[in-house]
Chemist: 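Pasting in a structure now, in structure tokens, and then I'll have a few things to ask.
Everything numeric here is computed off the predicted structure, so don't read it as measured data.
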Amino acid sequence: MKHYEHPAAEAFELTAILHALSDPYRLWIVQTLAQTQPLACAPLQGGRPKSSVSHHFSVLRRAGLVWTEVVGTTHMNSLRTEELERLFPGLLAAVLRAAERAQ
């Protein structure tokens with residue numbers, strides 16, 4: 001069974017979070033998870049190759065934005081909203097509002 005590494009909240013870095021959110025596909029993943037979570041990887045794939053999707057989820061996990069839990073053969077993803085809000089109050093909400101306006 002696959003096990004994913006997740007940084008402790010105290011290790012979150014603003015620059016890593018902003019970098020992760022700078023990619024349109026990763027931002028879309030975060031927007032989608034903000035509306036429905038937890039969510040398996042399949043509905044978040046968007047027709048992309050598995051290797052590309054794995055890379056993007058790895059960036060999101062390393063930044064501290066996403067928590068991935070293996071449930072059987074399914075990888076369930078959710079945002080680390082509470083931890084992000086505690087460390088960077090209002091950041092995620094502001095990014096999501098800005099992304100919504102830009103669409």
Chemist: Could you check if a side-chain atom of Ile29 sits within less than 4.5 angstrom of a side-chain atom of Phe57, using non-hydrogen atoms only?
Modeler: yes

Chemist: Is the backbone of Leu39 close enough, under 3.5 Å, to the side chain of Asn77 for a donor and an acceptor to pair up by distance?
Modeler: yes

Chemist: Testing the basics here: between Leu27 and Ala99, what is the closest heavy-atom pair and its distance to 0.1 Å?
Modeler: CD2-CB, 3.8 Å

Chemist: For Trp28, does its backbone N or O pair with a side-chain atom of Thr32 as donor and acceptor, under 3.5 Å?
Modeler: yes

Chemist: I need the minimum non-hydrogen distance between Ala40 and Thr74, along with the two atoms involved.
Modeler: CB-CG2, 3.6 Å

Chemist: Under a 4.5 Å cut-off applied to non-hydrogen side-chain atoms, are Arg26 and His55 in contact?
Modeler: yes

Chemist: Report whether Met76 and Leu65 are members of the same hydrophobic cluster (ILVMFWY, side-chain heavy atoms less than 4.5 Å apart, transitive linking).
Modeler: no

Chemist: Go through the steps to decide whether His6 and Arg62 satisfy the test side-chain contact (heavy atoms from CB on, under 4.5 Å), and finish with yes or no.
Modeler: CA-CA 6 Å; His6 299 92; Arg62 283 194 315 263; over 6 Å; no

Chemist: Going by the side chain to side chain donor-acceptor pair (under 3.5 Å) test, name the single residue among Arg61, His75, Glu5, His3 that passes it with Thr68.
Modeler: Arg61

Chemist: Might you work through the side-chain contact (heavy atoms from CB on, under 4.5 Å) test for Phe88 and Leu92, ending with a clear yes or no?
Modeler: CA-CA 8 Å; Phe88 306 104; Leu92 188 57; over 6 Å; no

Chemist: Say you draw a straight line from CD of Glu69 to OH of Tyr4; how long is it, rounded to the nearest 0.5 Å?
Modeler: 12.0 Å

Chemist: If Ile, Leu, Val, Met, Phe, Trp and Tyr residues are connected whenever their side-chain heavy atoms lie under 4.5 Å apart, and connections chain through other members, are Val53 and Val59 in the same group?
Modeler: no

Chemist: Before giving the answer on side-chain contact (heavy atoms from CB on, under 4.5 Å), spell out for Val30 and Leu79 the whole-Å C-alpha distance, their side-chain angles and the decisive distance to 0.1 Å.
Modeler: CA-CA 7 Å; Val30 170; Leu79 294 177; 4.0 Å; yes

Chemist: Measuring only between side-chain heavy atoms, which start at C-beta, is Glu10 closer than 4.5 Å to Leu87?
Modeler: no

Chemist: Do Arg80 and Val66 come close enough that some side-chain heavy atom pair is under 4.5 Å?
Modeler: no

Chemist: Does Ser78 reach the side chain of Leu33, with side-chain heavy atoms less than 4.5 Å apart?
Modeler: no

Chemist: Does any non-hydrogen side-chain atom of Tyr25 lie less than 4.5 Å from one of Arg48?
Modeler: yes

Chemist: Before giving the answer on side-chain contact (heavy atoms from CB on, under 4.5 Å), spell out for Ile17 and Glu13 the whole-Å C-alpha distance, their side-chain angles and the decisive distance to 0.1 Å.
Modeler: CA-CA 6 Å; Ile17 292 168; Glu13 295 180 9; over 6 Å; no

Chemist: Transitively linked via ILVMFWY side-chain contacts under 4.5 Å: Leu44 with Val70?
Modeler: no

Chemist: Does atom CD of Glu85 have more than 12 heavy-atom neighbours, drawn from other residues, nucleotides or ligands, at distances under 6.0 Å?
Modeler: yes

